[in-house]
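Labels below follow one simple rule: chain letters A, B, ... track the order of the sequence lines, proteins then strands, and each chain is numbered from 1. The figures that follow rest on heavy atoms only: side chains count, while hydrogens, waters and symmetry mates do not. What you are looking at is a predicted structure, and each value in this text was computed from that prediction instead of being measured.
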2 protein chains.
Amino acid sequence: MAKRVVPESARRRRRPTKRGQVLTHALIVETALRMLREHGADGLSARRLGLALGADASTVYRYFRGMDDLILAIADELFRHAMEDWRATGDWRADLRDLGLRIHHAYLAHPQAAVLTASRVTGRPNEVAGDETILGIVRGAGFADADAVRIYHAFIDQSLAFAILDAATLALPKAAREADEEVWRDTYARLPASTHPNIAATAPLLVARMNDSAYPTALDMLLSSASAQLTG
Amino acid sequence: MAKRVVPESARRRRRPTKRGQVLTHALIVETALRMLREHGADGLSARRLGLALGADASTVYRYFRGMDDLILAIADELFRHAMEDWRATGDWRADLRDLGLRIHHAYLAHPQAAVLTASRVTGRPNEVAGDETILGIVRGAGFADADAVRIYHAFIDQSLAFAILDAATLALPKAAREADEEVWRDTYARLPASTHPNIAATAPLLVARMNDSAYPTALDMLLSSASAQLTG
DNA sequence: GGTCAACGTCAATGGTGTTGGCATAAGGAG
DNA sequence: CTCCTTATGCCAACACCATTGACGTTGACC
C-alpha cells in the first residue's frame, strides 16, 4: 500500500533511540553510494542493498517508499557534500566560482550515482536550501532583481547540467570508450569525404573531450559575461 | 553469444531488399521513440517494444546487441533530428546560437528519451559527425586554434548538458513536481529561520525554474563572452 | 537445386522492484 | 507488573524484466 509511509512518520516522531535499531536513512544512503562506487550502476538493487546492510531487500522499503525515493535521497546527499562547510568570502565572483567547482567536484566524486540521479537533480531539499545562498551572493553583487534571477538560474542549472554530463562520461567503462572510437572510425569511413575534411585534426579533440571537462571554461565565460553586465 | 553481431554485418552487407523483412533499425528506433513519448520512460521494454512491432521481444536482439545499444541509437537519432536540414549562414554567432537551440529543442521534443540517453550522450556517430561542423564554424570565426577548441568544447557540452537537464525536468510527471513542493515546504519548516529569510521571495523562483529553461541565457552569455574574446 | 545466412519464435534463466502477512521487541499506559 | 501500540525486520510471492540458445522458415546467391 502506498500509504505505508513509515519513514516520514519515523522522521517526524523522533523516538529517542529505538531499541536494537540497525538501520538509518543515512546509513542506507551511504551504503548505496558505496555499492554504486564499487559495483557500478547496475550493482545497486534492493536485494543487494539489503544484503550489504545485513538485512532483507524488503527492509529498505521501511525507510524509503521506493527506489525512486532512495535515488532522490542519494542525489541530495551529493549536493549536501558540495555545500558542506562552505563559507562566503564576500567576493561574489570568487564565491560563485568556488561553489560551482564544488558542485561539479562533488558529483564527479560519485559518477555512477550522479548518472543515476540525472532525472531528479532539481528540487531536492538540500539543493533547494542552497538556492537561497546562491541567490544571496548574486543579489549581494549588485545586480538588478531581474538580472540576479537570470544569473542565478543560469549558474545553478549550468553547474548541475555539466555535473551530470561529465559524470556520465566519467562513468563509462573503458570498454565503452574504445567501442565508441571504433564507431567513430566506422562513421567517418562511411560518410562522404567532403563532410569530414578535418578528421585527422578533429579526432584527437574528440578523445580529449572524453577526458577533460569543459565546465571550468563554461563557468568562467558565464562569470565574465555577468561581470561585463555589471560594469557595463 | 556476444558474437552474434547481426546488425553490424547486415548494415555492411547491404543486401538489396531482403524478403518479407518486416523490421528495420530505423523502424525500431522510431517505434521506441513513440513508446517513450506515449507511455513514459518505464513504458519501454523489449517485450512491449516487440509487441508494438508485431513481433517477439527477442527479435529486437537481432537488430541491437542489447538495450544499451538501442538507447545509443535513440540518442543519436535525437541529434540527427537537431542537425536535419541545417545550413550555415556565415554569421558564426547566429549559426552557433541556431545550432544550440536546435539541439536543445530536439531533445526537449522527446523528454523521456532524452533522460534515458543521459549516460551516453557523447561519442555517437551523428553527434561526432556534427562536431566537425561546429568546429568549422568556430574556426571560421577567426579564433586562434587553442581558443577555438575551448569554445567548441564548451559550446557542445553545454548544449547537451542543458538538453538533458531540461528534458529531465520536463519529463517529471506533475505529481512529482507537486511532491517536490511539499518537500520544499517541509524542508523550510525544519530549517532554522536564519538560513531562509527570503523564502517568500525565493519560492516563486524555484517554481519558475521548473518551468523555464536557463539555456538561452547561458548560451547568450557564452556567445557574448566568446565575442568579447575575439574583439578584445 | 543446394547451401547459407538472415529472420523470427519459443522456452527458459536469473535477475528486478514491490507488497502483504507474520513475528518480534521496545516504549508507554494502566 | 501486564497490556497494547508501534516500529522494525523477514518470508514468500507476484509480475515483470533483459537476455540467450535451440529451432524452424524463407529468401538470395552460386
Side-chain angles (χ1 to χ4, degrees), chain A residues 1-28 31-32 35-36 39-74 116 119, chain B residues 1-28 31-32 35-36 39-74 116 119:
Chain A
M1 200 71 75
K3 280 304 165 69
R4 278 297 218 118
V5 198
V6 176
E8 283 300 334
S9 64
R11 237 184 286 161
R12 282 179 216 275
R13 297 292 211 87
R14 239 24 195 115
R15 290 254 222 124
T17 31
K18 294 288 158 48
R19 56 156 201 116
Q21 191 185 16
V22 190
L23 303 178
T24 351
H25 286 79
L27 178 62
I28 295 177
T31 307
M35 291 187 66
L36 282 171
H39 302 99
D42 292 340
L44 180 67
S45 77
R47 283 172 150 76
R48 294 163 76 106
L49 182 55
L51 201 72
L53 289 163
D56 187 84
S58 61
T59 298
V60 175
Y61 292 86
R62 294 266 182 227
Y63 292 83
F64 299 92
R65 65 184 83 183
M67 226 44 184
D68 259 21
D69 201 29
L70 172 61
I71 289 173
L72 216 63
I74 292 175
L116 211 61
S119 59
Chain B
M1 200 71 76
K3 281 304 164 69
R4 278 295 219 119
V5 198
V6 177
E8 284 299 333
S9 65
R11 239 185 282 162
R12 283 178 217 274
R13 297 290 213 89
R14 233 38 191 103
R15 290 254 222 123
T17 31
K18 294 287 157 47
R19 57 164 200 108
Q21 192 186 16
V22 190
L23 303 178
T24 351
H25 286 78
L27 179 61
I28 295 178
T31 307
M35 291 187 66
L36 283 170
H39 302 99
D42 293 339
L44 180 66
S45 77
R47 278 172 153 74
R48 295 161 76 105
L49 181 55
L51 201 72
L53 289 163
D56 187 85
S58 60
T59 299
V60 175
Y61 293 87
R62 294 269 181 223
Y63 292 84
F64 300 92
R65 63 185 82 184
M67 227 44 182
D68 260 20
D69 200 29
L70 172 61
I71 289 173
L72 216 62
I74 292 175
L116 211 60
S119 59

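- When rounded to the nearest whole Å, the span between CG of A:Asp69 and P of C:dT19 equals 12 Å.
- A:Leu23 approaches A:Tyr63 most closely through the heavy-atom pair O-OH, 3.2 Å.
- For B:Thr59 and C:dT9, the shortest distance from a side-chain N or O to OP1 or OP2 is below 4.0 Å.
- If you take CG of B:Leu70 and P of D:dC17, they are 15 Å apart, rounded to a whole angstrom.
- Rounded to whole Å, the distance from CZ on B:Phe64 to C1' on C:dC7 is 15 Å.
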Atom pairs and distances, side-chain donor-acceptor, residues 40-48 of chain B, under 3.5 Å, sequence neighbours left out:
| from | atom 1 | to | atom 2 | distance (Å) |
| --- | --- | --- | --- | --- |
| B:Ser45 | OG | B:Arg48 | N | 3.2 |
| B:Arg48 | NE | B:Gly43 | O | 3.0 |

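- Annotation for A:Ile28 and A:Phe64: closest pair CG2-CE1, 3.6 Å, computed over non-hydrogen atoms.
- Residue A:Gly54 is in sugar-phosphate contact alone, with no base atom involved, counting any heavy-atom pair closer than 4.0 Å across all strands shown.
- The two residues A:Tyr61 and A:Gly66 come nearest to each other via the heavy atoms CE2-CA, 3.9 Å.
- Residues B:Ile74 and B:Ala32 approach most closely at CD1-CB, 3.8 Å, considering heavy atoms.
- Atom CG in B:Asp56 sits about 14 Å away from atom C1' in D:dA22, given to the nearest Å.
- Here the P atom of nucleotide C:dA26 and the CG atom of A:Leu23 are 16 Å apart, to the nearest Å.
- The minimum heavy-atom distance between A:Leu116 and A:Ile71, with the atom names listed, is O-CG2, 3.7 Å.
- The distance from atom CZ of A:Arg62 to atom P of D:dT6 is 14 Å, rounded to the nearest whole Å.
- In this structure, A:Tyr63 reaches the D:dG9 phosphate: one of its side-chain N or O atoms is under 4.0 Å from OP1 or OP2.
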**Q.** Sequence-aligned protein contact record of nucleotides 13-18 of chain C, with B where the base is within under 4.0 Å of a protein heavy atom and S where only the sugar-phosphate is
**A.** ---BBB
